[in-house]
Amino acid sequence: MPELAEVEYYRKQWDPGLGKKIVAVKIHAEKRLFREVDTRALVKLLTGATLKASLAHGKQMLFQFSTACLGVHLGMTGKLFAEKLPYAPDKHDHLVLETNRHALVFRDPRLFGRVRFDPGKELPAWWTALPPQVLDDDFNQDALAAFLNRRKKAPLKAVLLMQERFPGIGNWMADEILWRAAIHPAQPAGSLSARQTTCLYKEMKQVCRDAMEVIGTDWGDPPDSWLFNHRWQNGGLCPKTGKPLIREEIGGRTTCYSPTRQRR
DNA sequence: TCCTATGTTGTATG
DNA sequence: ACATACAACATAGG
């Protein structure tokens with residue numbers, strides 16, 4: 001589920017815990033979410049710790065405690081939320097941090113998410129080494145063009161999903177970007193004209209801004225002028241051409257596009 | 001029963 | 001070493 005803006009939304013769901021002390025940690029330590037995590041250290045260091053701040057970067061989140069940093073990736077089905085106590089955990093609530101008032105819950109039925117844990121208050125190296133965000137100023141058109149050229153044979157759809165260069169972009173955002181830029185998702189990444197590259201660059205930034213504004217703030221409904229509201233319904237029509245949309249597997253993922261608008 | 005799912009990673013192949 | 005393609009991970013819902 002979660003891409004850039006959804007992650008930002010979920011990050012804020014633990015805000016009720018900011019400045020509060022964690023009095024209990026409930027964890028399903030055997031789940032693969034915690035692979036490579038020292039779960040005993042996690043429980044020990046977070047119990048009694050204070051939640052100081054949280055950050056989001058693409059699909060990654062970082063929660064800074066007085067004693068340690070907790071990294072969270074939501075995978076496909078993960079979500080974060082806070083509930084007033086008393087709270088009875090669901091079977092898929094694999095990490096629950098309790099303050100005196102709230103349960104901060106990480107739920108993930110499919111277990112494609114991931115938790116990291118780093119003792120100490122300093123930002124861990126894996127976090128500081130993350131690539132520039134699409135909305136950062138140092139994400140520029142030259143960097144985009146260079147990356148597209150390096151992946152020149154791969155379908156654009158697959159390239160846009162590469163987190164090493166486009167952190168936060170996921171399946172629906174990639175489709176939305178290519179649809180707005182009027183570029184076919186199967187077009188090889190190295191085959192864009194200069195005009196197309198410029199257009200792709202602008203729409204990439206714009207979709208990120210729009211998503212953050214509409215979804216990242218309070219998960220509002222995207223307007224019908226986006227592809228978003230039409231892409232999963234059978235018989236969906238392109239909001240720009242009025243013609244039928246197509247769903248097809250491209251780059252290993254189900255892809256929705258408007259064949260009359262996005263030509264090869 | 002079968003198919004799908006807003007994600008990543010390991011492995012095989014070129 | 002690098003780029004590309006795809007199965008695997010685990011569960012729920014249509």
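A, B, ... follow the sequence lines: proteins, then strands. Residue 1 opens every chain. What you see is a predicted model, and the numbers here were worked out from it, not measured in a lab.
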Taking A:Arg180 first and then A:Asp210, would you say they form a salt bridge - that is, a charged N and a carboxylate O separated by under 4.0 Å?
yes
Could you go through the ring-ring contact (aromatic ring centres under 6.0 Å, His included) check for A:Phe147 and A:Phe166 one step at a time?
CA-CA 10 Å; A:Phe147 190 76; A:Phe166 310 114; 5.5 Å; yes
Here the distance between atom C1' of B:dT4 and atom CG of A:Asn171, to the nearest Å, is 12 Å
OP1, OP2 of B:dG7 versus side-chain N and O of A:Lys59: anything below 4.0 Å?
yes
Is the gap between the ring centers of A:Tyr10 and A:Trp219 under 6.0 Å?
yes
Would you mind classifying the nucleic acid contact of A:Pro188 as base, sugar-phosphate or nothing, using non-hydrogen atoms under 4.0 angstrom?
nothing
For C:dA12 and B:dT9, measure between their C1' atoms and round to the nearest Å.
23 Å
Check the side chains of A:Tyr257 and A:Glu248 for a donor-acceptor pair under 3.5 angstrom, ignoring hydrogens and angles.
yes
In whole angstroms, how far is the P atom of B:dT6 from the CZ atom of A:Arg247?
11 Å
Check every atom of C:dA5, B:dT6, C:dT4 against the side chain of A:Pro155 and return the nucleotide holding the closest atom.
C:dA5
Using whole Å, what does the distance between atom P of nucleotide B:dT9 and atom CZ of A:Arg114 come to?
6 Å
Contact check, residues 253-264 of chain A vs DNA chain B, heavy-atom distance under 4.0 Å, returns A:Arg253, A:Thr254
Length of the CG-C1' vector between A:Leu160 and B:dT6, whole Å
15 Å
Length of the line joining A:Tyr10:OH and B:dT6:P, which is rounded to integer Å
14 Å
Go through the side-chain N and O atoms of A:Arg261 and A:Thr241 and say whether any donor and acceptor fall under 3.5 Å apart.
no
Quick one: label A:Gly252 by what it contacts on the DNA or RNA (base, sugar-phosphate, nothing), any heavy atom closer than 4.0 Å.
nothing
Assess the side chains of A:Lys21 and A:Thr50: does a donor N or O sit below 3.5 Å from an acceptor N or O?
no
Using atom P of each nucleotide, how far apart are C:dC6 and B:dT4 to the nearest Å?
15 Å
C:dC9 and B:dT1, which share atom name C1', separated by this distance in whole Å
22 Å
Output one letter per nucleotide in nucleotides 9-14 of chain C: B when a protein non-hydrogen atom lies under 4.0 Å from the base, S when only the sugar-phosphate is that close, - when neither is.
BBBS--
Once you measure the plane-to-plane angle for A:Trp226 and A:Trp172, does it fall in the parallel (<30°), tilted (30-60°) or perpendicular (>60°) bin?
parallel
If you define the side chain from C-beta out and look only at heavy atoms, does anything of A:Leu70 sit under 4.5 Å from A:Arg116?
no
Using the ring of each side chain (for Trp, its six-membered ring), is A:Phe139 parallel, tilted or perpendicular to A:Tyr201, with breaks at 30° and 60°?
parallel
Consecutive-pair stems (3 or more, Watson-Crick or G-U, under 3.5 Å) for DNA chain B:
B:2-5 with C:11-14, B:7-14 with C:2-9
Within the structure, does a side-chain N or O atom of A:His73 lie under 4.0 Å from either OP1 or OP2 of B:dG7?
no
Taking CG from A:Asn234 and C1' from B:dC3, how many angstroms apart are they, rounded to a whole number?
13 Å
Does a side chain donor of either A:Ser191 or A:Gln187 reach within less than 3.5 Å of an acceptor in the other side chain?
yes
Rounded distance (Å) that lies between atom P of C:dC2 and atom CG of A:Asn149:
16 Å
NE2 of A:His92 to NZ of A:Lys31, rounded to nearest 0.5 Å, is 8.0 Å
Could you state the atom-to-atom distance from CZ of A:Arg151 to C1' of C:dC2 in whole Å?
8 Å
Would you say A:Gln163 places a side-chain N or O within less than 4.0 Å of OP1 or OP2 belonging to B:dG7?
no
Does one side chain, of A:Thr198 or A:Gln141, offer a donor that lies under 3.5 Å from an acceptor on the other?
yes
